[in-house]
Amino acid sequence: MRGVGKVFEDIDAKLTDWMAGQRLFFVGSAPAEGGHVNVSPKGPIESLRVIDDRTVAYVDLVGSGIETVAHAGQNGRICIMLCAFDGPPRILRIHGEATVHRPGGDRYQELMAGFDLVAVPAAEWVARSIVEVSVQRVADSCGYDVPLMSYDGVRPQRMAWIEKKLAKSGDAVFADYVAQKNAESIDGLPGMPP
């Protein structure tokens with residue numbers, strides 16, 4: 001059995017392999033003062049990538065909120081958490097400073113080239129940014145209270161929503177969606193400008 005958690009110097013190959021074996025990850029962020037703390041589930045796991053031992057990035061897909069991007073723009077603080085729902089118990093937290101890269105930028109293109117876009121369905125239409133994290137702290141904990149859960153598959157609703165939007169209005173519909181729904185956070189912080 002695992003005991004008390006461990007702080008790691010960096011993200012090594014063993015941690016990278018463990019991360020790739022999980023089904024999803026969570027992202028936590030908060031505004032500088034007051035406001036709402038946000039925690040978002042993210043997936044598929046292939047949308048998270050270890051760039052090097054002190055840098056991770058994830059493809060930020062179109063969604064209903066823009067909290068993490070808004071918080072990153074204001075203060076950069078972020079925590080990425082993964083936990084084992086099967087196999088040995090474990091929770092891994094990666095604390096760092098986030099930078100948001102928008103489509104069309106050089107760094108966005110460079111980072112996107114490293115993702116397996118077959119494993120991140122429709123990313124070419126629904127990736128609104130890539131969040132790059134400069135890692136400041138990596139630590140695990142026991143995860144004894146995380147329940148054992150089985151994986152039954154991917155929910156079909158996201159792809160159905162994407163296909164319906166594409167059929168109705170073409171790929172520009174996602175830029176319009178982001179402009180309407182993701183311009184600012186729930187606390188009024190700037191999100192994704194049109």
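Just so it is clear, the model here is predicted, and its values are computed rather than measured. We use all heavy atoms of the structure for the numbers below, so side chains are in, but hydrogens, waters and symmetry mates are not.
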Met149 side chain reached by Asp86 side chain, heavy atoms, under 4.5 Å: no
Gln109 and Gly104 have their tightest heavy-atom pair at OE1-N, 3.7 Å
Those residues at least two apart in sequence (or on a different chain) that pass ring-ring contact (aromatic ring centres under 6.0 Å, His included) with Phe174 are Trp161
How about Asp106: does its CG atom have over 12 heavy atoms from other parts shown lying under 6.0 Å from it? no
- Task: Decide yes or no on side-chain contact (heavy atoms from CB on, under 4.5 Å) for Arg128 and Asn182, but give the supporting numbers first.
- Result: CA-CA 10 Å; Arg128 63 184 170 195; Asn182 298 155; 2.7 Å; yes
Between Ser40 and Thr68 the two heavy atoms that sit nearest each other are OG-OG1, 4.4 Å
Rounded to the nearest 0.5 Å, the NZ atom of Lys165 sits from the CG atom of Asp176 at a distance of 9.5 Å
Contact between Ile94 and Gln136 at the side-chain level, heavy atoms closer than 4.5 Å - yes or no?
no
For this session: Taking the side chain as every heavy atom from C-beta outward, state whether Glu132 and Leu111 have any atom pair closer than 4.5 Å.
Result: yes
Here the gap from Ser185 atom OG to Ile66 atom CD1, rounded to the nearest 0.5 Å, amounts to 9.0 Å
Query raised in the report: Tell me, do Ile130 and Arg107 make a side-chain contact under 4.5 Å, heavy atoms counted?
Result: no
Hits for ring-ring contact (aromatic ring centres under 6.0 Å, His included) against Phe25, two or more places apart or cross-chain, chain-then-number order -> Tyr58
**Request:** Walk me through it: do Leu24 and Leu82 pass the test side-chain contact (heavy atoms from CB on, under 4.5 Å)?
**Result:** CA-CA 7 Å; Leu24 77 156; Leu82 299 97; over 6 Å; no
| said: Does any part of the side chain of Ile80, heavy atoms only, come nearer than 4.5 Å to the side chain of Arg93, both counted from C-beta? | reply: no
Self-check item: Verify same cluster id: Leu117, Met159 (apolar side-chain graph, 4.5 Å)
Solution: yes
Value for NZ (Lys168) from NZ (Lys164), rounded to nearest 0.5 Å, stands at 7.0 Å
Presence of salt bridge, Lys42 and Asp60, under 4.0 angstrom:
yes
Result for side chain to side chain contact (heavy atoms under 4.5 Å, CB included) between Val133 and one of Thr55, Leu48, Ile78, Thr99 points to Ile78
Residues Pro121 and Val126: closest non-hydrogen pair is O-CG2, 4.4 Å
Test side chain to side chain contact (heavy atoms under 4.5 Å, CB included), reference Pro31, set Val37, Asn38, Ile186, Leu189, output is Leu189
Next on the checklist: Let's go through Phe26 and Cys83 carefully: what are the C-alpha distance in whole Å and the side-chain angles of both, what is the deciding distance for side-chain contact (heavy atoms from CB on, under 4.5 Å) to 0.1 Å, and is it a yes or a no?
Outcome noted: CA-CA 9 Å; Phe26 300 87; Cys83 55; 4.2 Å; yes
- Task: Please examine the side chains of Arg102 and Pro193, heavy atoms only from C-beta on, and report whether any two atoms are closer than 4.5 Å.
- Result: yes
query: Ser129 versus Met192: any side-chain heavy-atom pair under 4.5 Å?
result: yes
Does Ile51 share a hydrophobic cluster with Val135, counting links as ILVMFWY side-chain heavy atoms below 4.5 Å and allowing steps through other members? yes
For the hydrophobic clusters of this structure (ILVMFWY residues joined by side-chain heavy atoms under 4.5 Å, transitively), does one cluster hold both Ile91 and Val50? no
Quiz item: When you look at Lys6 and Asp140, which way does the salt bridge (charged side-chain N to carboxylate O under 4.0 Å, His left out) test go after all the steps?
Solution: CA-CA 5 Å; Lys6 176 181 177 184; Asp140 71 359; over 6 Å; no
Item to complete: Kindly indicate, with the supporting measurements, whether the criterion side chain to side chain donor-acceptor pair (under 3.5 Å) is fulfilled by Glu67 and His36.
Response: CA-CA 9 Å; Glu67 306 315 300; His36 293 83; over 6 Å; no
Taking Leu166 as the starting point, is it possible to reach Val178 by hopping between hydrophobic residues whose side chains are less than 4.5 Å apart? yes
Closest non-hydrogen contact found for Asn75 with Ala32 is ND2-N, 3.1 Å
Would you say Val120 and Leu61 make side-chain contact, with heavy atoms under 4.5 Å?
yes
Arg54/Asp10 salt bridge by N-O under 4.0 Å criterion | no
Rounding to 0.5 Å, atoms NZ (Lys181) and OH (Tyr177) come to a distance of 5.5 Å
Margin query: As a quick check of understanding, evaluate side-chain contact (heavy atoms from CB on, under 4.5 Å) for Ile45 and Arg23, giving each step before the final call.
Written below: CA-CA 5 Å; Ile45 197 63; Arg23 297 291 182 182; 5.9 Å; no
CG of Asp187 to CD of Glu33, rounded to nearest 0.5 Å, is 12.0 Å
### Query
According to a 4.5 Å side-chain heavy-atom criterion applied to Ile, Leu, Val, Met, Phe, Trp and Tyr, with indirect links allowed, do Phe85 and Met81 form part of one hydrophobic cluster?
yes
The reported gap from CH2 in Trp125 to CD1 in Ile162 (rounded to nearest 0.5 angstrom) is 8.5 Å
- Item | Gln22 side chain vs Trp18 backbone, donor-acceptor pair below 3.5 Å | yes
Hits for side chain to side chain contact (heavy atoms under 4.5 Å, CB included) against Asp17, two or more places apart or cross-chain, chain-then-number order -> none
Shortest non-hydrogen pair, Ala127 vs Met112, comes out as CB-CE, 3.8 Å
Taking every heavy atom of Val173 against every heavy atom of Ser169, the minimum-distance pair comes out as CB-CB, 3.7 Å
Should Arg77 and Glu97 count as an ion pair when the cut-off is N to O under 4.0 Å?
-> no
